[in-house]
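Since the structure is predicted, the reported quantities are computational estimates derived from the model, not experimental observations.
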Amino acid sequence: MAARPQASGGTVTLLDLLARVSEDFQGGLRFIARDESATWHGWADVRARAEAVAGNLAASGVVPGDRIALVYPTGIDFFAALFGTLLAGAVPVPLYPPVRLGRLDEYFRRTARMLELARARLVLADARVQRILGQTIALARPPLGCKTLDQLPKGGAMPGGAAVSVRPDDLALVQYSSGTTVDPKPVALSHRAVIAQIAALNLFWRDTPEHKHSGVSWLPLYHDMGLIGCVFPSLARDATLTLIGPELFIARPAIWLRTLSKYRGTISPAPNFGYALCLSRVSDDEIEGLDLSAWEAALNGAEAAVPATMRAFAARFAPYGFRPEAFTPVYGLSEAALAVTFSDLAGPFVAERFDREALASEGVARVDGEGREITSVGRPLPGYSVRVADENGLTVPEGTIGRVWASGPSLMTGYLDQPEATERALRGGWLDTGDLGFLHRGDLYLTGRAKDVVILRGRNYAPEEIERAVDSVPGVRTGCAVAASFLPEGADGEELVLLVETARGITPEQRAALPRACRDAVLGAVGVPVGELVLLAPGTLPRTSSGKLRRGEALRLHLAGELTAPETVTPLRLAGALARSGLAYARLRLKKKVRAHG
């Protein structure tokens, strides 16, 4: 059995959480399969698997401090690799597997860039994923290549049986930012930061002998909301976490609700689009006998929490025991190891309407019963602070829109090996989040990303509000529109461009009616004329690994004439991609042999 690294100093590390695991632990991980059967792994089993992987990594030449990329779907192998990497003293870098098969070339380039930025020495992958990663590995060339857990040499104990010393301020995890406006940046999180975030989250759901919380999540494990928000707090509390693959949820969103009902989940987070998907894709037949009465915290984060969506969800599922008070809008980001603010868990969510003209032209929030409705994301977690500042970093009065700055014990060390980007983001213990918002009655309200703001005739508009206006237009693919402003050649001012994906199976008549219907919807909801409207095939708009729209990239590709529909995935195309991947691996092996023989 591999020796476990030990933390030094008084602050616990992620390894201390594993060290506490014993056969007496009652919690663990439950994995839901496509047929909704369940596979259980207690925390003691997770630790034993991780210890075996740690010894095998040491036998592979992995040394403390090495960065190891993990490319896995949701499953036990991800956790064996994750915790095994930590036990070996190395640093896990979770990356997303290829989910958009029609965009494989983009995936190969983007993933290779992530490997290069993280300086990953080894890639661990699921066997099916490994087969298709050849071109990525050929581009990034990690020194120890790409292996499955079964391909690692058997190492037994760590070298010499000695424990590896891990300090609280050592790097624990590289978590990529979402990259909605720019390429993702590698966020360096220390053990101290991650443990602080875990402690802050677990303050919100204390267990008692009479009532023990359990979680249900379909969120990707390579994303902070899924990993830091769900997995680590469950391990720290010896709780049970039930996991659904995100691809299963997208295909059949009712599986999330049925899992919550069956296993009496009390905590389950999702971005707003997850709740919206349940409204549009879950039929009554799929949820017959559903009981959501145990669901106490339906966290809504990672993107704007839409009041209308939450009200509609609460109304639709109230007959099944869902309580509106369960909705909890939250705010956080990778650079803070996740959460910064939380709404009140005990009360209903809060939303206010604010005068559109004042928001757009004056940058101030004035309550107006007919204005734009914005959801409060609550107040800072204990030990955290939020302030709103102008472009010079000076704090602005309550009710004034500015850049949101955050401070707290879980802030990142910085962007990995990027001192200039780190210096721009971190100043005097405060993080410039890049988000815009204002404080109102002590609560934080967000109005958008600074780099996403649509500027027209000197007024600032939130792209989300414009995009949301076309969601209900028949023939539009819900949640698949991008609003941006640009200056056409020869024009005397910026215009609004709206890029809209059409729904699958749209009729020619619906398509012909869409341009005018979309223009009318935007003009009616926001009062802004659309300068250019472009209809796109489903799946065309670029997205981040967590599914957020990349507005800046979408506009860039459109202006360059490169915003094209994804390739149709056929067995022949997939076979071709696997063949090219195999050829890339073969060339790498040949080059390695040539180098070995001089």
Side-chain angles (χ1 to χ4, degrees), residues 173 175-182 184-190 192-204 223-225 228-229 233 269 271 299-305 328-344 365 374-415 418 421-453 546 548:
L173 181 71
Q175 173 76 56
Y176 274 91
S177 64
S178 62
T180 56
T181 55
V182 295
K185 293 188 181 74
V187 174
L189 298 174
S190 68
R192 188 189 303 276
V194 177
I195 290 297
Q197 177 67 203
I198 295 169
L201 291 174
N202 275 342
L203 285 174
F204 288 94
H223 191 257
D224 50 13
M225 204 171 174
I228 300 175
L299 288 87
N300 190 337
E303 62 182 7
T328 309
V330 294
Y331 168 63
L333 64 167
S334 301
E335 289 85 344
L338 188 58
V340 174
T341 68
F342 256 57
S343 299
D344 182 6
I374 307 176
T375 304
S376 161
V377 291
R379 301 190 176 197
L381 278 65
Y384 291 71
S385 298
V386 165
R387 69 185 183 94
V388 180
D390 61 20
E391 291 298 325
N392 298 315
L394 300 176
T395 301
V396 299
E398 181 166 297
T400 302
I401 296 174
R403 296 178 76 94
V404 177
W405 291 71
S407 69
S410 66
L411 293 190
M412 66 176 180
T413 304
Y415 294 116
Q418 297 185 19
T422 299
E423 187 176 351
R424 288 193 297 269
L426 290 174
R427 300 179 198 171
W430 286 86
L431 168 71
D432 180 357
T433 67
D435 290 309
L436 297 176
F438 58 90
L439 294 171
H440 175 66
R441 296 174 183 165
D443 283 8
L444 178 64
Y445 290 75
L446 300 173
T447 59
R449 291 287 295 172
K451 292 184 179 180
D452 278 343
V453 170
S546 57
K548 298 180 189 176

Separation between CZ of Phe438 and CD1 of Ile374, rounded to the nearest 0.5 Å: 4.5 Å

Minimum heavy-atom distance between Leu381 and Ala200, given as atom pair plus value: CD2-CB, 3.6 Å

Arg403 and Asp435: CA distance, side-chain angles, deciding distance, salt bridge (charged side-chain N to carboxylate O under 4.0 Å, His left out) verdict: CA-CA 6 Å; Arg403 296 178 76 94; Asp435 290 309; over 6 Å; no

Rounded distance [0.5 Å steps], CG in Leu411 versus CD in Gln197: 10.0 Å

Option passing side-chain contact (heavy atoms from CB on, under 4.5 Å) with Leu439 (candidates Thr400, Val388, Val404): Val388

CZ-OG distance between Arg379 and Ser343, expressed to the nearest 0.5 angstrom: 10.5 Å

Any donor-acceptor pair under 3.5 Å from Ser410 side chain to Ala196 backbone: no

Expected output: side-chain Asp224 to main-chain Ile228 donor-acceptor under 3.5 Å: no

Identified side-chain contact (heavy atoms from CB on, under 4.5 Å) counterpart of Tyr331 within the set Val386, Thr341, Thr375: Thr341

Which atom of Gly434 lies closest to which atom of Arg449, heavy atoms considered: C-NH1, 3.5 Å

Minimum heavy-atom distance between Phe204 and Pro382, given as atom pair plus value: CZ-CD, 4.4 Å

Within-4.5 Å side-chain heavy-atom neighbours: Ser385 and Pro380: no

Main-chain N/O of Asn392 paired with Asp390 side-chain donor or acceptor, under 3.5 Å: yes

Between CG on residue Leu446 and CD on residue Glu303, distance to nearest 0.5 Å: 12.5 Å

From OG1 (Thr447) to CG (Asp452), nearest 0.5 Å: 11.0 Å

Nearest heavy-atom neighbours spanning Leu338 and Gly229: CD2-CA, 3.3 Å

Shortest non-hydrogen separation from Arg387 to Gly393 and the atoms involved: NH1-O, 3.1 Å

Scan the side chains in residues 422-429 for donor-acceptor partners under 3.5 Å anywhere in the protein, sequence neighbours excluded, and list what turns up.
unit_1	atom_1	unit_2	atom_2	d
Thr422	OG1	Tyr415	N	2.9
Thr422	OG1	Tyr415	O	3.4
Thr422	OG1	Gln418	O	2.9

Heavy-atom pair of closest approach, residues Leu201 and Ala339: CD2-CB, 3.9 Å

Thr433 OG1 to Trp405 CH2 distance, which is reported to the nearest 0.5 Å: 9.0 Å

Plane angle bin for Tyr445 and His440 - parallel if under 30°, tilted between 30 and 60°, otherwise perpendicular: perpendicular

Short side-chain to backbone donor-acceptor contact, Glu335 and Ser177, under 3.5 Å: no

